[in-house]
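Okay, structure first, notes after.
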Amino acid sequence: MFHKELKAFPKNFLWGASTSAYQVEGAYNEDGKGLSVQDTKDVIEGTPDFKVASDHYHHYKEDIALFAEMGFKAYRFSISWSRVIPDGDGEVNLKGIEFYNNLIDELIAHDIEPIVTMYHFDLPYALQLKGGWSNRETIDAFVRYSKVLFENFGDRVRYWLTINEENMMILHGAAIGIGDSQNDNIQKDLYQQNHHMLLAQAKAMQICHTICMNAKIGPAPNITSIYPKTSKPEDVLAAQTFSAIRNWLYLDVAVYGKYNDIAWSYMVEKGIEPNMEDGDFRILREAKPDFIAFNYYCTGTVAESKIGETDLKTGGDQQISVGEYGVYKGTQNENLQKTEFGWEIDPIGFRITLREIYDRYHLPLIVTENGLGAYDKLEEDGTINDDYRIDYLKKHIEQARLAITDGVDLLGYCPWSAIDLISTHQGFKKRYGFIYVNRDEFDLKDLNRIRKKSFYWYKDVIASNGEKI
Ligand code: BG6
């Protein structure tokens, strides 16, 4: 659909960028922090551990000054659960509270709105040892943790995100480095974990509305439209099924408090549906998000998978779907180019996804991730000329504006990532930031911060409220 005239980005649009605690902070065992599952996992060969990351813990003032120089209106970051409660459900670590108090105050002093993710892939290791999300008691631990956050930071934080990419933790836990299930029926256990996280999220949303009267809260899954490989009805059906399993299962529960019918029948068919307790549906139904935050990198394309087929590859990650026998088969989209790391690039798919989510739920949306992972080069003259990143972001921002013109209520855009950090499974070399951090995979160098070309470009985008891209 073409528009003769485009709507402007809203006046208080939340331009910013995102990070997550374990990928940026470092200081993995400082000032009383407990270990998380990210600190204890076996990292993939050739990639670094998360002990130092971008050392944001010690550089946060300098980093926020740079965010302010870019003109950020918002900064989306996550709180490390095990920095605040080292063993997940015991003593509160005052030093951890102090760090996030300082961080939030520093943001506010620079007129930057904090958007806080409560949990981003880094479950406290002590909870993992007790069964992690397979253990229903982890719901209570999360509820208690959420109260600690609301009570300590709720006077200043107005935007809360519950759980980052719960759907990717269930579908691609291995790539993200989430503890493997010991259970014989891994998929059944995963959907049980999922149910517990959905309950934990619902309870946190309710508590937030009770404790922080002026705050808004929402889920933060990775959502992307799913295309059928061809117009063959079988492929269209497979795309619908995959979208239900990947996308709508998570958002239908968060928004409507009910399981998506197609996703539920998929689970029943496989005998992997979660066990429920009395009252679970009431808890899910009574929680209401104020907005939907979502991460978008590219669309997915699938074909039908016939029972008995044996050609599905294993692996996959957040953006590369492999498939499931008899359900769907991930395929490449020949119309799209790919990043150096093999993720497809689909700016129009961003508009399609924005429209699709808004059309289903009619809640305001915030984009909490979108971006290009690339091998950036620090030139001898000290510049980083990341024109490819500018090109990627520019095309996505153009599509966001078109989606706004289509009628989508979009509150903000926070691409990944504010500053270079460690990728979930592809090391430091896969950079996303506007700010270069001078370190390699294993050589920490001086960790200096250097403005990339995209830094100056994004500054102009924000200053012109998206008019000058
Ligand atoms: C999202 C995650 O899946 O994608 C981030 O929320 C992650 O934590 C980002 O870093 C990019 O993925 P990757 O695998 O390149 O780090």
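Every value quoted in this text rests on a predicted model; they were computed, and no experiment measured them. Both counts, for ligands and for their atoms, begin at 1 and track the order of listing.
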Extract all N/O-N/O pairs under 3.5 Å that connect ligand 1 to the protein, and present each with both atom names and the distance rounded to 0.1 Å.
residue, atom, partner, partner atom, Å
ligand 1, 3 (O), E165, OE1, 2.5
ligand 1, 3 (O), E165, OE2, 3.1
ligand 1, 3 (O), Q318, NE2, 2.9
ligand 1, 4 (O), Y297, OH, 3.4
ligand 1, 4 (O), E369, OE1, 3.3
ligand 1, 6 (O), H120, NE2, 3.3
ligand 1, 6 (O), N164, ND2, 2.9
ligand 1, 6 (O), E369, OE1, 3.1
ligand 1, 6 (O), E369, OE2, 2.8
ligand 1, 8 (O), Q23, OE1, 2.7
ligand 1, 8 (O), H120, NE2, 2.8
ligand 1, 10 (O), Q23, NE2, 2.9
ligand 1, 10 (O), W416, NE1, 3.2
ligand 1, 12 (O), Q318, NE2, 3.2
ligand 1, 14 (O), Q318, NE2, 3.1
ligand 1, 14 (O), T424, OG1, 2.5
ligand 1, 15 (O), K430, NZ, 2.7
ligand 1, 15 (O), Y432, OH, 2.6
ligand 1, 16 (O), S423, OG, 3.1
ligand 1, 16 (O), T424, N, 2.7

Open item on the list: The criterion is ring pair (Phe, Tyr, Trp, His ring centres under 6.0 Å); which residues satisfy it with Y100, sequence neighbours excluded?
Closed with: none

Task: From D290 atom CG to L363 atom CG, the distance as rounded to the nearest 0.5 Å - done: 8.0 Å

TODO: Please state whether the rings of Y361 and Y256 are parallel, tilted or perpendicular, taking 30° and 60° as the class boundaries.
DONE: tilted

TODO: Report the relative orientation of the aromatic rings in Y119 and W133; use parallel for angles under 30°, tilted for 30 to 60°, perpendicular for over 60°.
DONE: tilted

- [ ] Mind telling me whether F350 and Y413 have parallel, tilted or perpendicular rings, with 30° and 60° as the class edges?
- [x] tilted

- [ ] With rounding to the nearest 0.5 Å, note down the distance linking CD1 in I79 to CG in N152.
- [x] 9.0 Å

